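Report on the structure given below.
All residue numbers in this chain count up from 1 along the given sequence. Small disclaimer: the values here were computed from a predicted structure and weren't measured.
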Amino acid sequence: MDLFTIMCVRDRTESVRWYEIFFGRPPDRTVGLESLWQVGENAWIVIDDREVRAKRVGGAMVTLSVTDLDVTLARLTAHDIPHGLLETYGNGVRHVEVLDPDGNSLSLAEPPAAPNYARE
């Protein structure tokens, strides 16, 4: 099974530039008018600004598990992309929310180094 998460945006050109900074790379694929970043073996984030998506702009919420949260936040800060307050949950997971230019939420969660952390 594959997962395609659609991020509805107003301006694909502007959003592609933003997501290139967010992911640290250009899209892995462009299919028609959609730009796609592979975020897992069978998981993709898709940027779509077609009129059919207009009513859904800014409504997406995604959480991505990362192993390099500090590096990612430093890259975002260097490009003046703000993020929310960095939280550490009781199980040691570090979490922060980042909003794209349209208000779509991309949360980043970094589990602690220990392999047996409890998931909450």
field: Residue pair Phe23 / Ile45, side-chain heavy-atom distance below 4.5 Å
entry: yes

- prompt: Tell me, do Ile81 and Phe22 make a side-chain contact under 4.5 Å, heavy atoms counted?
  reply: no

query: Any sub-3.5 Å donor-acceptor pair from Asp102's side-chain atoms to Val9's backbone N or O?
result: no

task: Find the distance between CG (Asp68) and CD (Glu110) and round it off to the nearest 0.5 Å.
output: 7.0 Å

message: As an exercise, state the distance from CG of Leu106 to OG1 of Thr5, rounded to the nearest 0.5 Å.
response: 9.5 Å

message: Let me confirm one number: the CG-CD1 distance from Asn104 to Ile6, rounded to the nearest 0.5 Å.
response: 11.0 Å

- prompt: Are Leu99 and Ile21 in one and the same hydrophobic cluster, where Ile, Leu, Val, Met, Phe, Trp and Tyr link if side-chain heavy atoms are under 4.5 Å apart?
  reply: no

- prompt: Can you tell me how far the OG atom of Ser105 sits from the CE atom of Met7, to the nearest 0.5 Å?
  reply: 7.5 Å

task: May I ask you to test the Arg94-Pro112 pair for a side-chain heavy-atom distance under 4.5 Å?
output: no

- prompt: Between Ile47 and Trp18, is any pair of side-chain heavy atoms under 4.5 Å apart?
  reply: no

Only pairs under 3.5 Å count here: list side-chain donor-acceptor contacts from residues 33-41, not counting sequence neighbours, and write none if there are none.
from: Glu34; atom 1: OE2; to: Arg50; atom 2: NH2; distance (Å): 3.3
from: Ser35; atom 1: OG; to: Arg12; atom 2: NH1; distance (Å): 2.6
from: Trp37; atom 1: NE1; to: Arg25; atom 2: O; distance (Å): 3.0
from: Trp37; atom 1: NE1; to: Pro26; atom 2: O; distance (Å): 3.2
from: Gln38; atom 1: NE2; to: Gly40; atom 2: O; distance (Å): 3.0
from: Gln38; atom 1: NE2; to: Glu41; atom 2: O; distance (Å): 2.9

- prompt: For the hydrophobic clusters of this structure (ILVMFWY residues joined by side-chain heavy atoms under 4.5 Å, transitively), does one cluster hold both Val66 and Val62?
  reply: yes

- prompt: Checking Asp11 side chain against Glu14 main chain: does a donor-acceptor pair fall under 3.5 Å?
  reply: yes

- prompt: About how many Å separate NE2 of His83 and CG of Leu73, when rounded to the nearest 0.5 Å?
  reply: 4.5 Å

query: With a 4.5 Å heavy-atom cut-off, do Val16 and Thr30 have their side chains touching?
result: no

field: Whether over 12 other heavy atoms sit under 6.0 Å from Arg56 CZ
entry: no

message: Can you confirm whether Leu3 sits close enough to Asn42 that some side-chain heavy atom of one is under 4.5 Å from a side-chain heavy atom of the other?
response: no

query: Hey, mind stepping through Cys8 and Asp48 against side chain to side chain contact (heavy atoms under 4.5 Å, CB included) and telling me if it holds?
result: CA-CA 5 Å; Cys8 301; Asp48 187 344; 5.6 Å; no

message: Count I, L, V, M, F, W, Y as connected when their side-chain heavy atoms are under 4.5 Å apart, and connections chain through other members. Are Val93 and Val71 then in the same cluster?
response: no

field: Leu86 with Tyr89, same ILVMFWY side-chain cluster at under 4.5 Å
entry: no

